[in-house]
Every structure is written in structure tokens, then in C-alpha cells.
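Just the heavy atoms: all of them, side chains too, but no hydrogens, waters or symmetry mates, feed the values below. Start at 1 and go down the list; that is how both ligands and their atoms are numbered.
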Amino acid sequence: MSLVGAYLTVHTPRYCTYDAAFAGKLAHPDFRAVRDGMIEQGRHVAAMRPDVLVLNSCHLIATFPTVVDGTPRHRGVLTAQEAPELIHGVAYDFPGDYELAAAIIDRGRAAGLPCVLANDVHYPLDYGTVMPLVCYLDRTQTVPVVPVSVCLAAGLQESFAWGRHIAEAVAALGRRAAFVASGSVSHKLVRGPEKWPSAADQELDHRLARLLADGRYDEAWTWLPEYAAATEPEMSGRHLAMLLGAMIASGRPYAATVHAYGPSSGSGNYVVSLSAA
Ligand SMILES: [Fe+2]
């Protein structure tokens, strides 16, 4: 098998509220669509039943190497550094996949890319990893997860290459894996949680989503630097490059479900699920 699915998901702290606290935390109605889309995305993951999720979060940040976390069991309690009032005391306890993480690192190392394999129950996970998983994508916390960092010293090309190494490692090991990119699209942050991106940036976000939905992955990758220069996506679009690298390297077409698009503090946030056709 190989990459059976891919997800573009959202980690905005305000959305970490599946049930009772929903009304209080999401006071503005414009947040509703993304929250509902995340619930639908969780159902998509449950229906796909991948045997591992490889998750690249824009908040798991390394400066020089790319870190792949192969810890066999990810266990901890998360309070988000920048939003302790919204994400606090969230317990997580889900399996990892050391063999896959090590295989990804082997491929990156062979290609000469700076990288580190983590295997440490104390390796701290960020809210961009934990929040979408625990609140929406796998509330049972039974699907193994391999967290992959973004790397500040790596640009779009290197991030794209990591996507390829991930897809190739997945195929070599015969995993039914899904890749998850956790981050915003346009990301010009301002104070005011309910603020939307500019109309021009929203239009560019929609164009990117259409390229994904239409299966025009090569075109999206070619356009990504121009898109990123205009909209300043989260982590300069490294998560989007890794997503496209994984999908293109898999060589498969994917059927897209575009669940939602919504705002958070001036950023644009798409919830998109893609399953191998
Ligand atoms: Fe973020």
C-alpha cells in the first residue's frame, strides 16, 4: 500500500472545543463552519481507517534539522504556550510508529538532508499536533501517529522533498498511511479572532483549494512560491509543500472533500480531506 489519504487541517486553539464548551469558546458564528468541518474530517479519518498518520504541524518547529518523532507511545498533558486559557490540561496518549519514523529518517539522511530521529516519551508535542488529533481527527487516540517538524532552515523545496521521502517510506513498508498538514493557508495575523483575510487573499486561498480538489497537484506545486509570496501562509507554506510532495510522490489521484473555510485572527483556514481514488 502507500499513501491512502491526505488532510489539510486546522489547529487554531479556539477550535479545540468539540463539545460542551463550544458555545463559550466560539462566540462568533463565523467559526462554526470550520468546527463542523473538523468533525466531518474526523469521520473521514474513521471511515478511511489508516494504520498510521504522519502529521506535519506548523507549531512543531526545529531550526536546523527536520525532526521525525518515532516515539512508540506519545503520552503527556498539553497546555498551549500561547493560549493557556483555551487549551489547558489536554491529556494525550496515542501510539507512534518507530519503524516508519526511522525509515523516513533513513531516506532523508541518504538524500543529505539534516534530520533527527526522536525517540523520547518526554519529547514535547505542540498544540498544532495534539489539538486536531485529540479534539477531532482521532478522538479514540488509537491510530499511530508520526509527528514531523517543520524546519526553519528548510525552504519549500526541502519541505517538498520530505513529503516525497514520507510517501516513499510509507510505500516501502506497506503502510496504509495518511499525511496530515496542520496549518493555515493565508496567514497575515491581526488581533481579533473573528477577522477574515483580505478578499484578495481569500481568493488565492480558494484557488489553492480548487487546485487540490481538481487533482492539479503539479500545478499547485509550481504555483506555491508565488502563492506563498502573496498570502504569507503559516510557516511560509512549508506544510503545504510537504503535503504536495507526499501526494505527488505517491503517484495517485485523490478524491477531495472540501469541508470548510473560515477565519482566525486574519488567517484563512481550510479543512480538506483527500482519499486515494
Ligand atoms: Fe498556527
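The atom of Glu234 nearest to the Fe ion (ligand 1) is OE2, with the search restricted to N, O or S atoms. When the N, O or S atoms of His59 are ranked by distance to the Fe ion (ligand 1), NE2 comes first.
For the residue pair His44 and Tyr7, a side-chain donor N or O sits within less than 3.5 Å of a side-chain acceptor on the partner. For Ser186 and Gln202, the side-chain atoms include no donor-acceptor pair closer than 3.5 Å.
Among the atoms of His11, an N, O or S atom falls under 2.8 Å of the Fe ion (ligand 1).
No cation-pi contact links Arg238 to Trp162, judged by a cut-off of 6.0 Å to the six-membered ring centre and 45° from its axis.
By the 4.5 Å heavy-atom criterion applied to side chains, Ile105 and His165 are not counted as neighbours.
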